[in-house]
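Have a look at the structure below, then the notes.
Only this structure's heavy atoms are used, side chains among them; waters, hydrogens and symmetry mates stay out. In each ligand, atom 1 is the first atom listed, and ligand 1 is the first ligand listed. All residue numbers in this chain count up from 1 along the given sequence.
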Amino acid sequence: MTWNLSFSLVTAVMLCILLGYYALSPRLPIVLNRFFVTLAVLEMLTLASDIISTWMDMNHQDFPVWLLTAVNMVYFLLYVTRSYATYAYTISLVGTRKKMPAFYKMGGWILVSVFWLVMLSSLFTGAVFTIDQEGYHSGPLYPALYVQMFVFLILGLQVLIHFWTEIHDTAFYGILVSYAVLIAGGFFRFAFSHFLLMDTFYMLAIMILYLTIHNVDLHRESRTMLFDYQAFEQVVREHQNFGIRYYLIGFMNCNYKETRQIYGGLQMDKVLSQIGKFLRETFRSSTVYYERSGCFLVMIEEKHVQKQAVSELLAKAARRLNEPWNTEEARVYLHFVNGQMSPDLQIHSVDLELEAIRNILEKGANGEIDRDFVVDQRTIEKILREFTVKKALSDAIQKDALMVYLQPIVEASTGRIVGAEALSRMQDPGLGIIQPGEFIPLAERSGSIMQIGKQVLEKTCRFLRDHGKDLPGLEFININLSPIQCMDHELAEIFRKVPQTYGVDPVRLHLEITEESMVDPEVLRGQMELLGQYGYIFALDDYGSGYANQFRIKAYPFSGIKLDMNTVWAHFKDPDTILPNTVKAFLGRGLTVTAEGVETEEMARQLTEMGCTYLQGYYFSKPVPADAFIEYVKRNEAMDPVERDVSDRS
Ligand code: C2E
Ligand code: CA
Ligand code: CA
């Protein structure tokens with residue numbers, strides 16, 4: 001029998017080119033890459049043994065029987081091992097995201113051992129092949145070669161289908177096509193056995209895996225030539241799965257956006273590429289990643305270095321990064337801070353770890369970290385808490401489960417409850433009651449503040465619809481608007497529609513806006529004008545906590561001012577004429593003044609004397625759920641006017 005070797009030779013050349021290119025490019029330190037190399041090398045060896053054994057079989061008269069037997073046996077064993085390696089690669093691909101149950105690995109081992117034994121037994125039984133004076137003959141169990149190949153392919157496919165959600169899209173289709181190619185190869189080999197086609201199909205499958213999964217350019221940032229954040233995520237996931245310990249260093253370029261504006265995009269890109277090169281050279285045995293906005297990440301496996309060496313490298317890199325970078329046209333000064341995470345931190349989930357890293361990078365880039373920063377367990381706990389609250393919040397928003405508490409606002413001159421402030425609360429089954437001071441800032445950052453605002457408005461309107469008639473003295477309810485809400489163009493539309501739906505007149509809704517919202521005066525004024533047309537009334541919240549002054553306030557259509565409670569408290573600690581004069585000035589301009597944080601009778605009395613229009617604070621009531629609020633108001637209304645009058649209480 002003669003075989004045609006021409007396909008095999010071309011295949012060998014192509015495989016060499018692919019492997020050579022792969023060996024010369026940078027690689028991510030993930031186990032999957034090792035499996036890929038193993039698979040490719042096994043394919044090379046199988047191909048070589050295929051060519052050699054076939055050629056020797058064709059010239060069998062020139063070789064002793066034992067040598068022919070040995071060479072053929074090597075080929076058969078490699079053939080089986082290659083099938084197993086394909087399966088092992090598939091498991092590893094899933095394993096980059098998810099820890100695989102042990103039986104998948106065990107099953108593979110058992111099967112490959114059985115097939116090895118079948119092949120080896122042929123030495124004594126001649127079941128798979130025999131060699132005699134006339135050369136090579138296939139035995140009755142020769143088809144076991146096909147069987148084992150299809151068994152491993154079917155098992156691998158089953159794993160792929162079962163875990164397809166764990167695999168990135170391109171990778172999933174890539175490996176699926178590779179499997180299709182191998183299955184087609186199996187049939188071809190069966191049909192045209194004298195062509196030695198299987199190797200060519202294997203080479204094609206490996207090529208597809210390279211293009212869709214192992215091609216470095218899929219995950220390389222073009223300016224820095226460093227791996228991107230997606231690649232980083234992949235490595236972190238895998239390291240967690242396999243328990244690989246590593247140090248992590250982040251270099252954050254503070255105020256990247258502003259710096260980019262000063263020097264221009266072109267210069268900055270040139271500098272980025274210099275920095276990429278510098279970091280690659282400094283951290284040779286580690287992998288460097290470019291996140292974005294001037295943030296770099298270096299991951300150093302613990303087994304490669306000592307702690308001391310990490311600090312030295314870090315110090316060296318930090319020094320250089322903060323020295324000027326020269327391009328042909330500019331001398332660029334950058335300010336970097338760095339963050340560090342040690343392998344000793346207890347971080348139990350990949351998501352939390354990635355969240356922690358993102359959080360620190362962001363803080364660094366925003367200039368919120370001004371010195372070198374070592375992440376300790378406390379920071380991790382804080383981030384974990386934020387992470388859980390964020391998740392609880394999005395659950396609560398989705399289920400419309402945020403609660404609105406009401407805190408009475410008392411008319412100072414009469415002691416009657418004429419209004420309330422709506423304050424949101426979140427009740428989580430696991431975490432208990434969470435205060436707005438914790439979740440509002442998170443909601444502002446994630447953008448969900450708009451939904452919160454809408455739900456608070458809806459619930460307040462519902463309250464007024466259902467109970468407004470029973471509480472004739474209740475003139476208004478205040479709703480808080482955060483600066484982010486004020487900047488959103490959908491705000492006015494939401495605030496127009498919702499009260500309509502509930503049949504509530506917006507005049508009864510007062511909007512509290514803090515001075516932070518004045519950062520973009522034009523937008524804010526536009527919004528207030530529009531909302532004012534619908535009937536809303538505005539109060540400036542937290543006066544005295546920032547830089548608002550009487551001149552700035554004049555430019556906006558506020559009807560009232562709310563004194564920040566710290567300002568109020570400061571006055572009672574060290575009384576002088578500033579607060580009374582401020583109150584007088586606002587009253588003189590026809591604005592109402594509300595004092596917040598009224599905690600004692602004495603405070604209530606003095607603030608009333610000062611002329612404050614409204615009082616709000618724990619002395620009257622904490623913010624309470626709707627039922628308790630209704631009861632409180634009814635009790636208040638039943639009181640004797642004299643009994644109620646705060647100025648007479650003492
Ligand atoms: P704020 O608008 O200044 O609300 C007053 C805060 O002071 C409330 O805290 C209230 O419980 C508390 N407070 C009232 N009287 C006293 C007192 O006599 N003593 C003391 N120590 N505290 C008093 P809360 O409910 O925790 O809200 C905190 C902040 O969260 C609010 O400050 C407001 O800026 C924000 N917030 C609450 N709900 C919402 C909301 O629905 N939307 C928006 N955008 N912000 C909200
Ligand atoms: Ca408020
Ligand atoms: Ca306030």
For ligand 1, the portion of R425 having any non-hydrogen atom under 4.0 Å away: side chain
Parallel, tilted or perpendicular, as decided by the 30° and 60° cut-offs, for the rings of F296 and Y290: tilted
Nearest non-hydrogen protein atom, atom 23 (C) of ligand 1: Y618 CE2, 3.3 Å
Stacked cation flag R292 on Y256, 6.0 angstrom / 45 deg: no
Any G597 heavy atom less than 4.0 Å from ligand 1: yes
Heavy-atom pair of closest approach, residues M426 and M403: C-CE, 4.5 Å
Non-hydrogen atom of K622 closer than 4.0 Å to ligand 1: no
Proximity to ligand 1 by part of T514, non-hydrogen separation under 4.0 Å: neither
Q616 touching ligand 1 at heavy-atom level, < 4.0 angstrom: no
Ligand 1 versus V456: contacting region, heavy-atom distance under 4.0 Å: side chain
Under 3.0 Å: N/O/S of D542 next to the Ca ion (ligand 2): no
Any protein heavy atom nearer than 4.0 Å to atom 26 (O) of ligand 1: yes
Proximity of F620 to ligand 1 by residue part, where a heavy atom lies under 4.0 Å: neither
Region of I440 engaging ligand 1 - heavy atom pairs below 4.0 Å: side chain
Which of the ligand 1 atoms, numbered from 1, are nearer than 4.0 Å to a heavy atom of Q485: 44 (N)
N480 near the Ca ion (ligand 2) via N/O/S, less than 3.0 Å: yes
Ligand-side contact atoms (ligand 1) for residue partner V598, heavy atom cut-off under 4.0 Å: 18 (O)
Atoms in ligand 1 with a heavy atom of G617 nearer than 4.0 Å: 15 (N), 18 (O)
Test item: protein heavy atom less than 4.0 Å from atom 11 (O) of ligand 1: yes
Interfacing atoms of ligand 1 (cut-off 4.0 Å, heavy-atom, P623): 11 (O)
Pi-cation contact, F387 with K390 (under 6.0 Å, within 45°): no
Metal site the Ca ion (ligand 3): N/O/S of D541 inside 3.0 Å: yes
Region of V404 engaging ligand 1 - heavy atom pairs below 4.0 Å: neither
Top protein contact for atom 39 (C) of ligand 1, by heavy-atom distance: S424 OG, 3.4 Å
Backbone or side-chain N/O/S of E596 under 3.0 Å of the Ca ion (ligand 3): yes
